[in-house]
Amino acid sequence: MSGASSFGPRPVFPTDASKPAVELPNLANITIIDNLLHCTEHKKQVCPDCDIDYTTHNFYTRQLTANRGALPPPNPQMESVIQKLKSAGNDLFRAQCYFEASQKYTEAINVASQRPLWDPSATAIEETAVLLSNRAACLLELGHPSEAYWDTEIVTRLNRGWSKGHFRMGRAMMGLGRCRQAAQEFQIGCSLDPNAKDMRTALENAKSFI
């Protein structure tokens, strides 16, 4: 089992052997030892035989305990990993290595998805929207408008006031031959950013196919 710093599976925590095991009869296969969840039969936090993994819950419990119940600040190490992956993706995109760039953005999205629940929601939303938008740009360059559309669908739901999200959704719509819907997205983008020349050009182009 890898440590928390790998941003993979959460670590199994040591427990105080002197602490009593408290079984919860109304909950299937849960025993609490030293405030952490274990399977009842084998007293394990991760048990392949019982097909359970309580490490995420236990990770949050230990984090909150260490901070005496106060919410801890965002993890700077996780932030650093996300930014490095994003920067690597940006460099690859500028080098026109679109597939490799999309992989970096996907890695960053996977790390960002593991942010603890107490991290500021605005930070997580903005971060995820940017990463998905960047991956959509790669998918558009690779000729995959359908996949790009689904990324931009999430982007525009996360941040409806961000013109770039609507721009990339419009481009995905154009790639799918849905010119009228594309024009609507470009129109929204223009209303959000009237000075965006690329958006205005894309709008006029989409209208020419309607």
Sequence neighbours excluded, which residues qualify as salt bridge (charged side-chain N to carboxylate O under 4.0 Å, His left out) partners of Asp91? Arg94
Which residues share a side-chain contact (heavy atoms from CB on, under 4.5 Å) with His42, sequence neighbours left out: Cys39, Lys44, Cys47, Asp49, Cys50
Sequence neighbours excluded, the answer for ring pair (Phe, Tyr, Trp, His ring centres under 6.0 Å) partners of Phe93 is Tyr98
Looking at Lys43, I'd like to know if its NZ atom is crowded, meaning that more than 12 non-hydrogen atoms belonging to other residues, nucleotides or ligands lie closer than 6.0 Å. yes
Leu142 side chain reached by Phe99 side chain, heavy atoms, under 4.5 Å: yes
For Ile188, which fellow cluster members are found when Ile, Leu, Val, Met, Phe, Trp and Tyr are connected by side-chain heavy-atom distances below 4.5 angstrom, either directly or through intermediates? Leu192
The salt bridge (charged side-chain N to carboxylate O under 4.0 Å, His left out) partners of Arg157 (sequence neighbours excluded) come to Glu153
Restricting to ring pair (Phe, Tyr, Trp, His ring centres under 6.0 Å), what partner residues turn up for Tyr149, sequence neighbours left out? none
Using modelled atom types only, decide if a donor and an acceptor are shared between the side chain of Asn29 and the backbone of Thr40 within a distance under 3.5 Å. yes
Just jot down the salt bridge (charged side-chain N to carboxylate O under 4.0 Å, His left out) partners of Glu127, sequence neighbours excluded, or say none. Arg115
Indicate yes or no for a side-chain donor-acceptor contact from Ser87 to the backbone of Gln83 under 3.5 Å, with no hydrogens or angles considered. yes
Qualifying residues under side-chain contact (heavy atoms from CB on, under 4.5 Å), relative to Ile109, sequence neighbours excluded: Leu131, Leu132, Arg135
Contacts of type side-chain hydrogen bond (donor to acceptor under 3.5 Å, both in side chains), residue Asn159, not counting sequence neighbours: none
What distance separates Ser102 OG from Lys104 NZ, expressed to the nearest 0.5 Å? 11.0 Å
Which donor-acceptor pairs under 3.5 Å do side chains of residues 12-21 form with protein atoms, sequence neighbours excluded?
from  : atom 1 : to    : atom 2 : distance (Å)
Asp16 : OD1    : Ser18 : N      : 2.9
Asp16 : OD1    : Ser18 : OG     : 2.7
Asp16 : OD2    : Ser18 : OG     : 3.2

Is Asp34 paired with Arg62 through a side-chain N to carboxylate O contact shorter than 4.0 Å? yes
Pairs under 3.5 angstrom only: tabulate donor-acceptor contacts from the side chains of residues 165-174 to other protein residues two or more places apart or in another chain.
from   : atom 1 : to     : atom 2 : distance (Å)
His166 : ND1    : Glu185 : OE1    : 2.8
His166 : NE2    : Arg160 : O      : 2.9
Arg168 : NH1    : Ser133 : O      : 3.2
Arg168 : NH1    : Ser133 : OG     : 2.9

Please report, to 0.1 Å, the donor-acceptor pairs under 3.5 Å made by any side chain of residues 199-206, with sequence neighbours excluded.
from   : atom 1 : to     : atom 2 : distance (Å)
Thr201 : OG1    : Lys197 : O      : 3.0

Between CG of Leu92 and CD of Glu100, what distance do you get to the nearest 0.5 Å? 6.5 Å
d(Gln45 CD, Thr31 OG1) to nearest 0.5 Å is 12.0 Å
